Amino acid sequence: MPELPEVECVLRGLEKSLAGERIESVKVLREQSIACPSAKSFAKLVPGRVFSDFVRRGKYLLMSFDDGSGLACHLRMSGALVVKTKEEEKDKHLRVLFKMQSGKELHFEDMRVFGRLWFVKSSTKFQEVIPALNKMGPEPLTDLTHNYLQEKLATRSQSIKAALLDQELIAGIGNIYADEVLFLTGVHPQTRASDLSTAKLKKLVENIRFVLEQAIVAGGSSIRDYKDSFGVNGNYQNEALVYGRVGLSCTKCERKIERVKLAGRSAHFCPRCQRR
DNA sequence: GGCTTATCCTGGGCGC
DNA sequence: TGCGCCCAGGATAAGC
């Protein structure tokens with residue numbers, strides 16, 4: 001499931017493959033995948049545009065065209081943007097097909113149909129069409145500091161796990177990396193967010209950077225449904241320390257990894273290394 | 001206002 | 001083999 005590192009890997013791949021490419025046609029196979037405008041308008045408005053800039057904000061992919069308009073995408077749980085040739089086999093979960101003038105194809109595949117695409121006119125900013133972008137917290141790789149977290153978490157009574165998943169607090173962290181970061185920091189996921197000491201917050205920020213950077217280097221995670229823009233699975237799942245390891249031994253102390261339901265999500269932790 | 005829970009959606013895994 | 005149930009989770013709406 002794509003989080004910040006996976007989106008970053010997809011973005012880098014798309015930039016390599018599609019910069020300067022002109023879209024010839026668009027076929028929407030599942031109308032639900034288009035958030036804005038209507039699927040019909042989307043298919044009519046996008047052809048003829050040329051990809052120029054590629055930017056990531058949190059888990060959003062923001063792709064600008066040379067005329068100032070743009071294409072935004074959120075992969076949600078199972079979405080993938082894959083560049084293929086027209087000879088390659090079409091995935092059965094193909095939702096939107098972009099054909100380039102050069103013969104390349106961009107496939108938006110999405111098994112669970114949670115992913116969304118937006119077309120943004122040249123006179124409009126991405127933030128005007130996607131309000132979530134206005135409220136999004138700092139980028140963890142570049143702008144996050146422990147002072148910011150300390151200030152924001154001081155009055156939060158919710159769990160630290162729920163807080164890490166809040167995109168308005170920090171952009172881009174999802175369930176997998178939140179669990180990994182908390183394990184490395186030695187913090188139980190159910191710890192009250194306001195209870196973390198300054199030292200723990202400093203360590204938390206360091207570990208957020210470390211885990212996300214490691215995951216990008218590994219090409220993202222392949223736990224469940226993620227693949228990059230070349231259709232290749234990542235390698236980070238081989239390095240996950242707690243996520244998806246319920247009942248297996250902790251890599252530090254050999255206690256069995258446990259799982260609890262928290263904020264509607266499963267939280268994986270070591271009961272000895274992450275005491276409440 | 002802060003927080004939790006339900007909802008959307010599909011396929012894989014499991015038990016019967 | 002086939003059926004039904006449960007689970008996975010990001011964003012958002014609804015409810016407390």
Side-chain angles (χ1 to χ4, degrees), chain A residues 1-8 10 28-36 39 56-62 72-81 91-96 108-118 126-127 129-137 139-140 149 151-182 189-195 212 215 220-227 233-234 236-237 240 242-247 257-269:
Chain A
M1 48 212 85
E3 299 181 28
L4 185 153
E6 291 76 34
V7 177
E8 182 66 32
V10 169
V28 179
L29 294 102
R30 184 95 173 198
E31 294 192 4
Q32 228 175 316
S33 298
I34 308 300
C36 180
R56 179 191 56 74
R57 180 74 177 101
K59 298 175 197 170
Y60 286 87
L61 286 153
L62 307 175
C73 177
H74 196 305
L75 302 171
R76 295 279 187 108
M77 273 194 72
S78 58
L81 279 169
D91 187 274
K92 65 175 175 176
H93 302 113
L94 176 63
R95 308 302 186 197
V96 184
F108 178 61
E109 300 165 358
D110 188 15
M111 184 179 79
R112 288 182 176 79
V113 208
F114 279 10
R116 292 290 182 269
L117 293 167
W118 293 258
F126 283 114
Q127 292 93 314
V129 179
I130 310 169
L133 291 172
N134 287 314
K135 297 185 279 181
M136 199 166 282
E139 282 294 324
L149 270 191
E151 191 191 322
K152 288 285 182 184
L153 297 181
T155 55
R156 288 226 189 185
S157 60
Q158 66 181 160
S159 67
I160 184 65
K161 172 70 188 281
L164 287 179
L165 295 176
D166 182 358
Q167 302 299 297
E168 291 181 29
L169 180 73
I170 308 171
I173 298 179
N175 206 36
I176 299 172
Y177 297 111
D179 282 355
E180 296 299 303
V181 166
L182 289 174
Q190 287 175 304
T191 306
R192 207 177 147 110
S194 57
D195 285 351
L212 296 178
S221 163
S222 291
I223 295 169
R224 308 209 195 285
D225 309 308
Y226 165 70
K227 54 187 168 187
N233 292 337
Y236 190 77
Q237 80 281 7
V242 284
Y243 185 87
R245 299 191 69 245
V246 181
I257 300 296
E258 294 182 10
R259 177 174 58 190
V260 288
K261 198 90 174 170
L262 200 53
R265 301 286 168 262
S266 56
H268 307 73
F269 66 99

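To find a chain, count down the sequence lines: A is the first, B the second, and so on, and within it residues start at 1. The structure presented is a predicted model; accordingly, all values stated were derived computationally and were not measured.
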Taking only the side-chain nitrogens and oxygens of [X], find out if one of them lies under 4.0 Å from OP1 or OP2 of [N].
X: A/H74; N: C/dG10; value: no
X: A/R192; N: B/dC3; value: no
X: A/S78; N: B/dC9; value: no
X: A/Q158; N: B/dG2; value: no
X: A/K152; N: B/dG2; value: no
X: A/K261; N: C/dC7; value: no
X: A/Y243; N: C/dG9; value: yes

Can you label the angle between the A/H74 ring and the A/Y60 ring as parallel, tilted or perpendicular, going by 30° and 60°? perpendicular
Does one side chain, of A/D179 or A/H268, offer a donor that lies under 3.5 Å from an acceptor on the other? yes
Of all the choices, [options], which nucleotide is nearest to the side chain of [X] once you look at every atom?
X: A/R30; options: B/dC9, C/dG9, C/dG10; result: B/dC9
X: A/S157; options: C/dG9, B/dG2, C/dT12; result: B/dG2
X: A/Q32; options: B/dC9, C/dA8, B/dG11; result: B/dC9

Given the options A/E180, A/K161, A/E3, A/N175 meets side-chain hydrogen bond (donor to acceptor under 3.5 Å, both in side chains) only with A/K161
Base, sugar-phosphate or nothing for A/R156? Non-hydrogen atoms, less than 4.0 Å. sugar-phosphate
A/K92 near the nucleic acid: base, sugar-phosphate alone, or nothing, with a heavy-atom cut-off under 4.0 Å? nothing
Heavy-atom nearest nucleotide on DNA chain B taken for A/H93 and for A/R76; more 5' hit belongs to A/R76
On DNA chain B, more 5' by nearest nucleotide between A/S159 and A/R265 is A/S159
Grab the [atom1]-[atom2] distance between [X] and [N] for me, whole Å please.
X: A/R112; N: C/dC6; atom1: CZ; atom2: P; result: 17 Å
X: A/I173; N: C/dG9; atom1: CD1; atom2: P; result: 16 Å
X: A/E168; N: B/dC3; atom1: CD; atom2: P; result: 12 Å
X: A/M111; N: C/dC7; atom1: CE; atom2: P; result: 17 Å
X: A/L165; N: C/dA11; atom1: CG; atom2: P; result: 9 Å
X: A/E31; N: B/dC8; atom1: CD; atom2: P; result: 19 Å
X: A/L75; N: C/dG9; atom1: CG; atom2: C1'; result: 14 Å
X: A/N175; N: C/dA8; atom1: CG; atom2: P; result: 9 Å

Short side-chain to backbone donor-acceptor contact, A/D91 and A/E109, under 3.5 Å: no
Is it true that A/R56 and A/E139 have a side-chain N and a carboxylate O under 4.0 angstrom from each other? yes
Under 3.5 Å donor-acceptor pair, A/R116 side-chain atoms to C/dA11 base atoms: no
Using the six-membered base ring of C/dA11, report whether A/F114 stacks on it, requiring centroids under 5.5 Å and planes under 30° apart. no
So A/V113 and A/R30, do their side chains get closer than 4.5 Å, heavy atoms only? yes
